[in-house]
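The residues of the chain are indexed from 1 along the displayed sequence.
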Amino acid sequence: MATTSSEELTEILEVRLLLEPWVTARAATMHTAEELAALDGAVDLGWEGVRDNRPDLTISAHHRFLQSIARMSGHTTAVAALTPLHHRTLLAFAAARTRVRPEGWQIHQDVRDAIAARDGARAEALTRDHLTSRLDGSGH
């Protein structure tokens with residue numbers, strides 16, 4: 001299985017930065033209670049990984065989190081475009097043996113809360129800021 005290079009990960013994040021803020025804003029207005037429950041499950045798993053210092057759980061939870069938001073958007077083309085990028089992100093995190101970072105899960109919690117409040121503008125801004133910080137190296 002091929003690993004994701006630093007250059008490829010940067011390109012993945014650049015494309016995600018173009019799509020995910022919009023998808024997250026859309027998810028805030030389109031989601032169902034069942035979809036929010038699935039997102040909550042991903043966030044809970046992420047916090048469990050933080051609590052237990054389990055990178056495997058946080059990596060799995062991160063992937064579930066991203067995919068849940070994409071599905072919540074109700075936009076099948078966006079889901080189809082983002083899914084392979086989410087898989088490549090998962091592979092990159094796993095290959096890098098990413099350490100557990102509580103600050104990253106706080107951001108995910110904040111995005112979840114904005115979606116639950118149906119605050120698309122805040123969800124979009126948080127997602128944009130998070131991905132931008134990852135690209136400039138200051139984020140989790």
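In this structure, the side chain of Thr29 engages the main chain of Arg26 through a donor-acceptor pair within 3.5 Å. The backbone N or O of Ala70 lies less than 3.5 Å from a partner atom in the side chain of Ser73, making a donor-acceptor pair. A donor-acceptor contact shorter than 3.5 Å links the side chain of His108 to the backbone of Gly104. In this structure, the side chain of Glu124 does not engage the main chain of Ala121 through any donor-acceptor pair within 3.5 Å. The closest donor-acceptor contact from the side chain of Thr24 to the backbone of Glu20 lies under 3.5 Å.
A continuous path of hydrophobic side-chain contacts links Trp47 to Phe65 [ILVMFWY only; heavy atoms under 4.5 Å]. Met72 and Val79 fall into different hydrophobic clusters, defined by Ile, Leu, Val, Met, Phe, Trp and Tyr side-chain heavy atoms under 4.5 Å apart, directly or through other members. Residues Ile115 and Leu126 share a hydrophobic cluster, clusters being chains of Ile/Leu/Val/Met/Phe/Trp/Tyr side chains in contact below 4.5 Å. Transitive grouping of hydrophobic side chains (ILVMFWY, heavy atoms separated by less than 4.5 Å) keeps Val23 and Met30 in distinct clusters.
Using a 4.5 Å heavy-atom cutoff, the side chains of His87 and Thr83 are in contact. By the 4.5 Å heavy-atom criterion applied to side chains, Val15 and Glu11 are not counted as neighbours. The side-chain heavy atoms of Leu17 and Arg128, taken from C-beta on, include a pair separated by under 4.5 Å. Residues Arg16 and Leu66 have side chains in contact (heavy-atom distance under 4.5 Å, counting atoms from C-beta outward). You'll find the side chain of Leu39 stays beyond 4.5 Å of the side chain of Arg64, heavy atoms only. Counting heavy atoms from C-beta on, the side chains of Leu131 and Thr127 come closer than 4.5 Å.
For the pair Asp52 and Arg54, the salt-bridge criterion is not met [side-chain N within less than 4.0 Å of a carboxylate O].
In this structure, the separation between CG on Leu82 and CZ on Arg71 is 11.5 Å, given to the nearest 0.5 Å. Atom CG of Leu90 sits about 12.5 Å away from atom CG of Leu85, to the nearest 0.5 Å. Of the inter-residue distances, the one linking Arg134 atom CZ with Asp136 atom CG reads 10.5 Å to the nearest 0.5 angstrom. With rounding to the nearest 0.5 angstrom, the CD atom of Glu48 is 12.5 Å from the CG atom of Asn53. Note that CD1 of Ile12 and CD of Glu7 are 11.0 Å apart. Values are rounded to the nearest 0.5 Å. Rounding to the nearest 0.5 Å gives a distance of 8.5 Å between CG of Asp56 and CG of Leu45.
In plain terms, the two heavy atoms of Ala78 and Trp22 that are nearest each other are CB-CZ3, 4.1 Å. Scanning both residues, Ala61 and Ala42, for their nearest heavy atoms gives CB-O, 3.3 Å. Closest approach of Ala114 and Ala123 over heavy atoms only: CB-N, 3.6 Å. Leu57 and Gly49 get closest at one heavy-atom pair: CB-CA, 3.8 Å.
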Inset, instruction - I would like to know whether Val111 and His130 meet side chain to side chain contact (heavy atoms under 4.5 Å, CB included); could you show each step before the answer? - result: CA-CA 10 Å; Val111 169; His130 175 58; over 6 Å; no
Legend entry - Worked verdict on Asp110 versus Gln106 for side chain to side chain contact (heavy atoms under 4.5 Å, CB included): CA-CA 6 Å; Asp110 294 345; Gln106 185 57 58; 2.9 Å; yes
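Taking His31 as the reference, nothing meets the ring-ring contact (aromatic ring centres under 6.0 Å, His included) condition, with sequence neighbours excluded.
Aromatic ring orientation, His62 versus Trp105: perpendicular (interplanar angle above 60°, classes split at 30° and 60°).
No hydrogens or angles considered: nothing links the side chains of Glu35 and Ser68 as a donor-acceptor pair under 3.5 Å.
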